[in-house]
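Every value quoted in this text rests on a predicted model; they were computed, and no experiment measured them.
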Amino acid sequence: MYIIPSLLCLPGRCIGSAAEEPRVLCIVQDTTNAKTVNERLTLNLPASTTVNKLYEDVAHKAGYVNGTFCLAWANTGNMAPLDQASEMSLVLSGFEAGKRNFLQLTDKDGEQPQIASDESGTADSSGLEDSSQDRFIGPLPRDGTVGCSSDYSSPSYSYSSILNKSDTGYVGLVNQAMTCYLNSLLQTLFMTPEFRNALYNWEFEESEEDPVNSIPYQLQRLFVLLQTSKKRAIETTDVTRSFGWDSSEAWQQHDVQELCRVMFDALEQKWKQTEQADLINQLYQGKLKDYVRCLECGYESWRIDTYLDIPLVIRPFGASQAFGSVEEALQAFIQPETLDGPNQYFCERCKKKCDARKGLRFLHFPYLLTLQLKRFDFDYTTMHRIKLNDRMTFPEELDMSPFIDVEDEKSPQTESCTDSGAENEGSCHSDQMSNDFSTDDAVDEGICLDNTSSTERVLKPKSSLTFELFSVMVHSGSAAGGHYYACIKSFSDSQWYSFNDQHVSKITQDDIRKTYGGSSGSRGYYSSAFARCTLCVFAEFLEVEDFPEHIKRLMQREKESEEQEKRQREIERNTCKIKLFCMHPVKMMMVENKLEVHKDKTLGEATEMAYKLMDLEGVVPLDCCRLVKYDEFHEYLERSYEGEEDMPMGLLLGGVKSSYMFDLLLEIRRPDQVFQPYKPGEVMVKVHVVDLKSESIAAPVSVRAYLNQTITEFKQLIAQATGLCAETMRVVLERCYNDLRLLYVPNKTLKAEGFFRSNKVFVESSDSTDHQAVFTDSVLWKLLDRHGNTIRLFVSLPEQSPGSLANRTSCPKANADSEDSLEGAEGSRKSVEAILEESTEKLKNLSLQQQQQQQQQSSSTSDSQKSSEHSDFEHIESPAQEPDAASQSSQMENCTRAASDTENQFPSEERSDSDANNDRSTSSVDSDILSSSHSSDTLCNADSGPLPLANGLDSHSITSSRRSKAHEGKKETWDTAEEDSGTDSEYDENGKRKADSQYLYFKAEPYSQEDGSGEGQKCLLVHVDKRITLAAFKQNLEPFVGVPSTQFKVFRVYANNQEFESVRLNETLSSFSDDNKITIRLGRALKKGEYRVKVYQLLVNDPEPCKFLLDTVFAKGMTVRQSKEELLPQLKDQCKLDLSIDRFRLRKKTWKNPGTVFLDYHVYEEDINISSNWEVFLEVLEESERMKSMSQLAVLTRRWCPAQMKLEAFREVVLESSSVEELKEKLSELSGIPLENLEFAKGRGTFPCDISVLEIHQDLDWNPKVSTLNVWPLYICDDGAVIFYRDSTEELMELSEEERNELMKKESSRLLKTGHRVSYSPRKEKALKIYLDGGPTKDPGQD
């Protein structure tokens, strides 16, 4: 993005009162097809200009014959053209001064505008009012900013000076994004005859190199196009591709001088061992002497440097006044400085330090002299880069004779050497010290001047070192960014031109003087090129007829390519591109494609093209297809085209447009059908027939109707299409999503009922009594409501052990069925289909005896649970006594729960408040994987026998989890707090499942999904009402998963196969949509007040101090000690850690850093903030816990031993306060270091704060001057801080260079493995590089 100041683009003139006249900005969009590219013309005209004059100006600017086109207002409903013969002023004709006025240039009477020939006078810019004097050379505003009132504060500003290629004869270059600096340099090189001719004389050998990667060849092609193309501007992408650049380089702006150096260096590399090998040096290289002269003895030490450009300072360092001219800057460039005082020079002849003078002398100037102004500087006050916009003049002819050392010029010079270009940042580089001189000063004569003989080289009566200005590079903007363009003088006609990307325009010497800088603008010339004008006559450009044969062949190829491109554009300009849809009869889905048809093709030919495009050959006959006008958004067939098969598509579609407000549909009929005519004004209705008996809704039947038809007429129309009875027909309109409206008023029109272009209705015609019910209470409404809210989901079931599904979901019958159940349990796992059939059939056949038995069990369960509130299950026996009864009871319970619809049908499922609370209390101590000793699904009581539990816990688990709360007498336990933790309970206030409070549709069908192994994963195709809660949805899935809903988790699968767990049981499935995927995983689901926690072991002295152990569940209100008790068996079973509860602690984990130590009496959510996916450290203690109070502070200390160059192991120190004195006392007691010799420092970075032993002694802030730890620079306010300490009297070990290198390798390897001390490298500006091998090679280790 270019930074273009508003004052930059406003050069102009003041002509009497004309400057005060308001201006009218007219933006004219060419909408005709007369040209290859539809241009956008911009005219800034005086308000008094007449409409007739506006037509003349537009004709001149657009290159059309006046009178062959029309101008009309754009973006308005009025398409009437402006009166061309009108003599009214623009303001009186409706134009607004100071604002943008948008017009369209259109065809006149259906005929395209006639393009004016070059002889018609369009090439003369004098035809525009004031255009000969309104010149513009600055950067052009973007289209997005044109027309802002603030941009036109100068009334003399005019766009009409930007001439076409036919006017100037030159071609512009397209700006890829931020490549203005490249365009400016390329145009300067193109306008340099010696460089262009030498480039043409070089011949590319295709056998040696790929033309795509050849920089000279791509420059050759570009120059040929710039000289011969008829385009207004051409692309530079082929050139930048040969540089090895990708598209991102186009968005990097670089310094034009830097590009010049790098490109010259690349050309020299490519031209090695060719005739052009020394071309750059011959044209641009000069020589200077860098010397130091002793002021006492006169001895001079010097060396010869070469340069390609001369960098000139704008403002001397520390000065506030800038140099006024280039001559002053050149004089300062060679002004010697005196080396005295501390800067004295050691004279080899005097053998002592002496005062001396150091400076530069020019020895030789190049043929083309390049001066670079150092306008970019650094402000040490603001510490920012700045641009110096000071005024600095430069002459049209520059005499360099005062700046050359005549004495040195006469003396021998060193041989020329090549400039380093890309490698060196300075303007000059050093040659070796030499006393070997040559007398050759005529380096210019080595340049090939094709049309100049030695007899024509006549000296002018000027200095032999006079240079003529021929190119100026201008930068507008700031140091942060800006825009480059070039002002170049043509050697053929001595005319100055502004090359501003794709715009080329004539300019004058006054415009050149505006680039001096100064005033309030930010535009100033950045670099200028002078050509030596006195030694010889300038070389002439090669004309087309004088081109070498290889250039003629290249020109012919480019001409043919351009003609082919032009023909292709002509075809595309006359091609209609429109969306095409088709309901494919084989794929049974709507297929979309793009139909590209020439505007002269007929409808019949376009139909055949669409027929082939949709791959219908051999599927349906061509005569069974037709194209109709279609609205894809509303799924509406607008009209058909009967009798218009021979009409051209251009007329049928309303012309060739970039986009259309409608689409086309390829309609297909059966051979026995006849196409129905679609007339404009009709509405389309999709009719769905509803069958109340089967509760099904048929596929839609399309019917077309008129908005003025009545409901009675509409019913008769539907009756004809569907065969239903119109008298008993009920018609329901779905106006929007799930908005159902019964159409019962016979004489009301469809328009009054809210019909639109495309509509959807449901019809039902039967003799049932459902007609008599209120519509919202009828079966029809319920069926339609269910249909509108039902979604289809794909559910992947978890893998389970054989027989588990049959055991946990099948419901045994009284006698024979129980034997079947046993056989199923012993055999292999039953299929999902069998589960569906068996569970449905067995639920229907449950006997009264089973119900009574369940009532008795429910009664005993209630009694035992009530008594357990006081005893806290202390006396309940283990359920392992009667496994058969337990298994049978579990099966019965699952079947009963699956069978309940609107409410629980069996007494065994009735729950009281205390029942619900007791069930919920077990959630906090449940683990994802239940151990084998706690795997029973029943709770056995000594009096009542087996007691089923929905969550799969036994009495032992409940007893161990609640013993600390048994005698507190509180009804609400720690896991049933009022605040919501982000998950919701699946029970309501009465202890019943919320899923049972309302019946919502659920239907599951099995289907098999093939995986990579060839085995099908068991999946369900579920149709479910999306208003169902997650809890009810899980309850309905229980028979298929085979475990209670509390023992499995639901994960939603997104498009990128990422899975996220759904945990809010009270939320509905409204966020799901059709064909969403769900994965079921075994493991206990979270309940209200519970959080899943990841436990890591903290190993402070291990190379990997953070080790993952397990996932567990903590609950709100639980104490730290309770959570430790719950962790003990899990650690033993899963991690093989047999710990004592007093020999480990839990502490805060912040990424890898250990934090606050959690004390046993701390309560989660009260003393410790806990959140979803929480992480915690578990630290094993070597002794009993020493942390007893929150006022204590635990820090990790590590001794540094300089004499041994090693760090000792971490040791924890517990402080009673934040006193530095106490810390030192504890460290002194721990290490034996005297208190007065002890120094400490805080570790940096992430734990364990690793640092190289070669750096720790100097890099850390040792012995900070503070009295407490909680102030700057320590800020130790929490547990876990790392403290290094040392003995100040201990000397650092002296290492030899070999020992240091060896230790450095070890430390680097150690720190690299631990991932610490990764150096941070801020993002730097991308370096400008040209790759000679076709592109950069990516580092394989690069991320």
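Once rounded to the nearest 0.5 Å, the distance linking OG1 of T31 with CG of D107 reads 6.5 Å.
Of the N and O atoms on the side chains of T32 and D30, at least one donor lies less than 3.5 Å from an acceptor on the other residue. With no hydrogens or angles considered, a side-chain donor-acceptor pair links S640 and E642 at under 3.5 Å. In this model, a donor atom of one side chain and an acceptor atom of the other lie less than 3.5 Å apart for S248 and D246. Looking only at atom types and distance, the side chain of Y497 has a donor-acceptor partner in the side chain of D493 under 3.5 Å away. Remark: the N66 side chain and the H60 side chain contain no N/O donor-acceptor pair separated by less than 3.5 Å. Using modelled atom types and a 3.5 Å distance limit, the side chains of T228 and E558 yield no donor-acceptor pair. Q176 and T240 form a side-chain donor-acceptor contact under 3.5 Å, judged by distance and modelled atom types alone.
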Tabulate below the donor-acceptor pairs under 3.5 Å that side-chain atoms of residues 658-667 make, not counting sequence neighbours, or state none.
{"unit_1": "Y660", "atom_1": "OH", "unit_2": "G655", "atom_2": "O", "d": "2.7"}
{"unit_1": "Y660", "atom_1": "OH", "unit_2": "K657", "atom_2": "N", "d": "3.4"}
{"unit_1": "D663", "atom_1": "OD2", "unit_2": "E632", "atom_2": "N", "d": "3.3"}
{"unit_1": "E667", "atom_1": "OE1", "unit_2": "R626", "atom_2": "NE", "d": "2.8"}
{"unit_1": "E667", "atom_1": "OE1", "unit_2": "R626", "atom_2": "NH2", "d": "3.0"}
{"unit_1": "E667", "atom_1": "OE2", "unit_2": "Y678", "atom_2": "OH", "d": "2.4"}

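Using a 4.5 Å heavy-atom cutoff, the side chains of C582 and L616 are in contact.
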### Message
Pair K566, E562 - check salt bridge (charged side-chain N to carboxylate O under 4.0 Å, His left out), show working.
### Response
CA-CA 6 Å; K566 185 177 179 180; E562 193 170 308; over 6 Å; no
### Task
For the pair D510 and K514, evaluate salt bridge (charged side-chain N to carboxylate O under 4.0 Å, His left out) and give the outcome as yes or no after the intermediate values.
CA-CA 7 Å; D510 291 337; K514 293 174 185 177; over 6 Å; no
### Query
Can you list the steps and then say if E635 with K686 is a salt bridge (charged side-chain N to carboxylate O under 4.0 Å, His left out)?
CA-CA 10 Å; E635 298 183 359; K686 290 186 176 180; 2.5 Å; yes
### Message
With salt bridge (charged side-chain N to carboxylate O under 4.0 Å, His left out) as the criterion, how do E563 and K230 come out once you've worked through the C-alpha distance, each side chain's angles and the decisive distance to 0.1 Å?
### Response
CA-CA 10 Å; E563 291 295 329; K230 296 180 181 180; 5.2 Å; no
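The main-chain N or O of R557 is never found under 3.5 Å from a side-chain atom of S561 such that the two would form a donor-acceptor pair. When atom types are taken as modelled, the side chain of E608 and the backbone of E605 share no donor-acceptor pair closer than 3.5 angstrom. In this structure a side-chain-to-backbone donor-acceptor pair under 3.5 Å is missing from S229 to L226. Judged by distance alone, the side chain of N183 and the main-chain N or O of Y485 form no donor-acceptor pair under 3.5 Å. Remark: the backbone N or O of V239 is not paired with any side-chain donor or acceptor of T236 at under 3.5 angstrom. The backbone N or O of H634 sits less than 3.5 Å from a side-chain atom of S758, completing a donor-acceptor pair. No donor-acceptor pair closer than 3.5 Å links the side chain of T168 to the backbone N or O of S505. Of the possible donor and acceptor atoms, one in the side chain of S93 sits under 3.5 Å from a partner among the backbone N and O of S89. Not a single donor-acceptor pair under 3.5 Å links the side chain of R221 to the backbone N or O of M555. Judged purely by atom type and a 3.5 angstrom limit, R23 uses its side chain to pair as donor or acceptor with the backbone of N44.
In the displayed structure, Q495 atom CD is contacted under 6.0 Å by more than 12 heavy atoms of other residues, nucleotides or ligands.
Of all the heavy atoms in Q84 and F69, the pair that sits closest is OE1-O, 4.4 Å. Shortest non-hydrogen contact noted between A233 and V171 is CA-CG1, 3.8 Å.
For Y636 and Y630, the ring centers sit 6.0 Å or farther from each other. Here Y170 and F499 bring their ring centres to under 6.0 angstrom of each other.
Residue pairs meeting the ring pair (Phe, Tyr, Trp, His ring centres under 6.0 Å) criterion with at least one partner in residues 86-112, sequence neighbours excluded, are W73-F95.
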